[in-house]
**Q** 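Encoded as structure tokens, here's the structure I'll be asking about.
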Amino acid sequence: MNWPRALLTDSGGFQMVSLLHLADITEKGVTFQSPVDGKPMLLTPEESIQIQNRIGADIIMALDDVVKTTITGPRIEEAMYRTLRWIDRCIAAHKRPNEQNLFGIVQGGLDPVLRDICVRGLVDRNLPGYAIGGLAGGEDKDSFWRVVAQCTAALPEDKPRYVMGVGYPLDIVVCSALGADMYDCVYPTRTARFGTALVTEGVLKLKHNVMADDTRPIDPTCACMVCKNYTRAYIHCLVTKDAMGSQLLSYHNLFYMMKLSRDLHSSIIEGRFPQFVCDFLRKMVVLYAFFSLCHIHHVISVVTGIFVYLRELSCWGQGMSGSMIVFVSIR
Amino acid sequence: MKFAVKAWSNGRARTGLLHLGNYPNPIETPALLLPTRKGLPYFISPDLLPSLPSPDSHLLQVCPLHFLEGLSPKTISKVGGLHQMVGLPEYGFAAVARDSVQCLPECNSTNKVGASFETPCGRLLIKPADYVEMISSMKPNIWATLADEVPAWVSDKRNKTSVDRTVRWLDECIALSSAGGAVFGSIVGGPSVEERERCTQEVARRNVSGYWIGGFGLGESMDERPALLNAVTAILQEEKPRLVCGLGLPEEVLQGVAAGIDLFDSEYIYHLTLEGFALTFPLGGVGVNVFSFDPNNLGSDRSKINLRATIYRKDTSPVVENCSCYTCQNHTKAYINHLLNVHEMLAQILLEMRP
């Protein structure tokens with residue numbers, strides 16, 4: 001690929017969840033239909049690690065038995081224990097432990113008891129890093145952040161915690177407050193392909209006709225190549241119709257996400273993290289309230305979560321906007 | 001815009017220098033115009049454009065009809081014109097009504113009021129006044145007047161009408177236009193040498209900065225073309241540049257060069273990119289006299305390779321050895337083959353950059 005920077009490969013486990021109707025999971029591994037030619041393929045923990053060894057990424061992921069959080073019953077427990085058995089097979093199959101860091105993935109659905117067993121099992125193996133998996137699959141936010149909080153509290157302080165499949169900027173801010181370090185998500189680029197830009201206030205739907213003669217940049221506060229050179233009107237005429245539209249919007253969205261990470265990082269180092277979160281929420285929440293009632297519950301539970309884990313929230317008393325106060329009374 | 005002929009071959013072919021107001025270095029002609037969609041290349045993102053050879057890649061072709069899909073002339077004016085809109089203030093734009101890929105002229109629906117085009121928005125009738133309004137808001141460096149292009153198989157009567165209309169619309173465009181930019185008079189005439197000559201004589205009388213020769217790439221054969229092109233260039237003033245659209249293959253471009261054409265569009269690159277082809281013929285030392293115009297070679301592998309082919313799956317060499325382009329300097333045939341197989345847009349970006 002001629003990529004001189006860091007690289008992380010996934011194990012192929014997530015595809016099990018997303019292509020589940022084609023998958024058959026046994027103790028040996030996962031059998032599924034190849035999307036290229038339809039032939040059955042068996043992916044074992046050994047095979048997954050072997051492929052990742054050949055690709056040579058800096059961080060590689062163990063093959064885990066992933067189940068959707070919306071499923072209930074004994075399957076979740078089965079998957080969690082299998083994940084622990086498979087991590088041993090992954091460790092045994094890993095031929096380049098000095099060059100590539102194998103991360104284990106915590107499973108266990110939304111059950112705190114199962115999650116706890118899994119965390120302890122993985123920590124016993126003393127891995128270079130740990131991922132929190134099985135989330136970002138449609139579970140309600142109240143459950144989501146509680147699982148993240150439980151895991152980050154139990155995982156070692158001096159190793160990276162990677163929340164897989166997260167996500168929306170708000171989720172990333174919340175998980176960072178809860179002690180997570182790494183994230184991955186298709187959201188910024190996928191939403192770009194549908195014509196949606198990520199901005200300070202939330203999202204901007206550039207497909208909307210209102211954008212057709214809006215000659216401002218996508219985000220006036222953004223310093224990316226796209227916001228410095230292009231107007232909303234021009235991007236509007238490109239999105240969903242021309243490949244270039246996807247490219248430019250993806251560029252901006254990725255820049256936005258990277259800036260968010262950098263801002264989170266520097267606000268923590270400079271000792272002003274709670275203030276950053278408050279500012280972030282203040283700008284975002286107004287938009288959520290305005291546009292989508294179904295997000296209110298999410299935001300309320302998230303904000304409650306932050307109250308629990310952040311000590312200082314002096315900004316809470318400092319004149320929030322009218323809609324914020326409405327929130328509190330709904331709650 | 002300023003143009004000067006630098007040197008002549010034994011025949012009509014010539015080299016020249018094209019100076020654009022907003023870019024310091026002149027462009028050497030014969031030159032290809034980069035095809036664009038709404039002002040930007042199909043796939044090459046604006047931050048990669050500087051990797052293309054300069055200043056050759058500084059002239060872009062734009063079709064004003066693309067903007068009918070969602071950008072009004074008023075908005076384009078508000079931003080300050082096309083160059084500002086697409087973030088390329090130092091590039092040159094040549095505006096032509098017809099786009100050989102997506103906005104093809106529909107001669108049966110064209111009437112005395114305007115020219116008809118098949119576009120992604122449906123069939124549109126463009127009047128000279130509408131066209132000039134678009135041009136005025138865009139402010140391209142060069143623009144061709146509205147023409148009534150017809151394919152090679154129309155009746156003589158229809159062909160004559162197309163010449164009359166094109167000349168009339170040329171006068172209308174010039175009268176209506178307040179925009180700066182160099183006006184290229186449009187010359188049509190279909191398959192008839194007489195009509196081509198008649199049109200050329202009329203256009204040559206007008207005060208234009210250059211000529212756009214239309215009506216090609218609409219179904220005529222390569223054998224018929226030299227006679228038609230030569231009929232036109234024989235009459236035209238030598239110091240004014242000539243632009244032709246619709247000549248795709250390298251062999252056809254060379255035909256045009258031999259007839260004295262300076263600027264060409266290149267939708268051929270777009271089709272190659274979509275199909276997964278990369279051009280591989282050697283560039284150095286191929287003069288007009290040496291190259292053989294053999295139409296039967298069009299599909300051969302001497303000039304291009306199809307990177308979808310499985311033989312390239314493990315080929316870790318660049319597309320062409322010792323090539324200095326971005327794609328060959330950074331990536332291998334195997335990687336492009338993989339990108340094509342998994343439907344990644346990076347394949348098209350790398351292929352579009354190669355020619």
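In the text below, chain A, chain B and the rest are named by the order of the sequence lines, each starting its count at 1. Values in this document were obtained by computation on a predicted structure and should not be read as measured data.
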**Q** Side chain, backbone, both or neither: which part of B/S45 has an atom under 4.5 Å from a heavy atom of chain A?
**A** both
**Q** B/F93 and B/H83: ring pair (Phe, Tyr, Trp, His ring centres under 6.0 Å), yes or no, with the steps?
**A** CA-CA 8 Å; B/F93 281 96; B/H83 294 80; 5.1 Å; yes
**Q** Considering only heavy atoms and a distance below 4.5 Å, find which of B/Q84, B/Q348, B/M345 pairs most often with chain A.
**A** B/M345
**Q** Among B/L124, B/I126, B/L125, exactly one meets side-chain contact (heavy atoms from CB on, under 4.5 Å) together with B/S116. Which residue is that?
**A** B/L125
**Q** Got a salt bridge between A/D242 and B/K38, using NZ or NE/NH1/NH2 to carboxylate O under 4.0 Å?
**A** yes
**Q** Checking heavy atoms, do the side chain of A/K228, its backbone, both or neither come under 4.5 Å from chain B?
**A** neither
**Q** Do A/N53 and A/H94 have side-chain N/O donor and acceptor atoms under 3.5 Å apart?
**A** yes
**Q** So what's closer than 4.5 Å to chain A heavy atoms on B/L339: side chain, backbone, both or neither?
**A** neither
**Q** Would you compute the distance between atom OH of A/Y187 and atom CZ of A/R190 and round it to the nearest 0.5 angstrom?
**A** 11.5 Å
**Q** Is B/V342 close to chain A through its backbone or its side chain, or both, or neither, when contacts mean heavy atoms under 4.5 Å?
**A** neither
**Q** Give me the atom names and distance for the closest heavy-atom approach of A/M257 to A/I172.
**A** CE-CD1, 3.6 Å
**Q** Is chain B contacted by the side chain of A/M225, its backbone, both, or neither, given a heavy-atom distance below 4.5 Å?
**A** side chain
**Q** Under a 4.5 Å heavy-atom cut-off, does chain A meet the side chain of B/Y42, its backbone, both or neither?
**A** backbone
**Q** Roughly how far apart are A/T231 OG1 and A/I218 CD1, rounded to 0.5 Å?
**A** 9.0 Å
**Q** Heavy-atom pairs under 4.5 Å with chain A: which of B/P41, B/P46, B/A334 has the most?
**A** B/P46
**Q** Counting only heavy atoms closer than 4.5 Å, note whether A/M1 contacts chain B via side chain, backbone, both or neither.
**A** both
